[in-house]
Protein chains: 2
Amino acid sequence: MNYRVSIFPSKKLQDIANAYRKRYDSHYSLIPPHITLKEPFAAGDFEMESMVKKIRELAKQTKPFPLEVYKFSSFHPVTNTIYMKVREHETLMSLHERLNEGELGRHVTYQFVPHITIGQDLKDAECSDVLGRLKMETIDHEEMVDRFSLLYQLENGSWTVYETFLLGKE
Amino acid sequence: MNYRVSIFPSKKLQDIANAYRKRYDSHYSLIPPHITLKEPFAAGDFEMESMVKKIRELAKQTKPFPLEVYKFSSFHPVTNTIYMKVREHETLMSLHERLNEGELGRHVTYQFVPHITIGQDLKDAECSDVLGRLKMETIDHEEMVDRFSLLYQLENGSWTVYETFLLGKE
């Protein structure tokens, strides 16, 4: 089964993201707007049981932290993905690191750039066109994150939440 | 904000349901296959905070229970909805009742028929045609339920999980 770990921001921020995703994101109907903490990975039921315990522990040890979205950017030319950039908060960076090391490690080979995707699988011209327009817009939104979620993937490619983890709670 | 409370069954059962929903369910892309424990309702942030505490308590006091899906049925002629019927287990019925009484009460005026919707908003002819075919198929699936979820609705009509509640756990 495929799993992933994500933060779902507030309804307000999800609605803002969806206004763009509806037009530009091929995954619009597969998962709500999110920040990926752990990329999709395959795991068996038995293995997952032990990973879930580990993730619960991690959540307890992590305090709620501020989430700030401050500009539009893109992963072009690596991929034609457009996103809202999330400020690198110490707690967020450490949570990501701990979700991808030790027993939870899955050979992450790239640097973590916290973001909320609003467009992907775009053609070169559209990607640069849309990003050009977004660069002229301003976005500045801050909220608190007090939870994150573990999801699994259905056969149709969509994701169902398996469990939410409250930060700093027993 | 609009909220609802649902059980998401196993990936296996969700995949079975989605094979039908893809063709027959107008809400296919808005929410994964589910059993509704509490119909959509509007609540403010402050009110919700107290409701969430109440729901957490309820979950702790409820033991995991078996979920059995045993036939296809329909709400026709009330609505052209086709569903997989879920056996009325005492724990499921009591969980539904407690999620809709007292502080959590929202004037539920109809009888609770536990089910997983696989078709809705169908035309009369299609509804009776599809149901006729499904009535000749057999379905018999049993699994354990050990959690349920509180969701909120985004502006595009889709639902995001706010919190999962593990049954019988602190």
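Chain letters run A, B, ... following the sequence lines, proteins first and then strands; every chain starts at 1. Treat the numbers as computed from the prediction; the structure is a model and nothing was measured.
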**Study point:** Non-hydrogen atoms of B:Thr160 and A:Gln14 that approach each other most closely
**Key:**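 Looks like OG1-OE1, 2.9 Å.
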Check your understanding: Looking at A:Tyr162 and B:Thr164, what are the two nearest heavy atoms and their distance?
Key ->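 Scanning both residues completely, I find the closest heavy atoms to be O-CG2, 3.8 Å.
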Exercise for review: Measure B:Leu166 against the heavy atoms of chain A and call it side chain, backbone, both or neither at under 4.5 Å.
Suggested key: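 Contact with chain A: side chain only.
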Review point. In terms of heavy-atom proximity below 4.5 Å to chain A, should B:Tyr28 be classed as side chain, backbone, both, or neither?
Key: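 For B:Tyr28, the side chain is the part near chain A, not the backbone.
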Would you indicate whether [X], at its atom [atom1], is surrounded by more than 12 heavy atoms from other residues, nucleotides or ligands within a distance under 6.0 Å?
{"X": "A:Lys53", "atom1": "NZ", "answer": "no"}
{"X": "B:Lys54", "atom1": "NZ", "answer": "no"}
{"X": "A:Lys11", "atom1": "NZ", "answer": "yes"}
{"X": "B:Lys135", "atom1": "NZ", "answer": "yes"}
{"X": "A:Glu103", "atom1": "CD", "answer": "yes"}

Point to revise | Contact leader toward chain B among A:Pro32, A:Pro33, A:Ser29, where contacts are heavy-atom pairs under 4.5 Å | key: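 Top option by heavy-atom pairs under 4.5 Å: A:Pro32.
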Point to revise | Approximate separation, where rounding is to 0.5 Å, of B:Ser158 OG and A:Asp15 CG | key: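 Output value for this atom pair is 8.5 Å.
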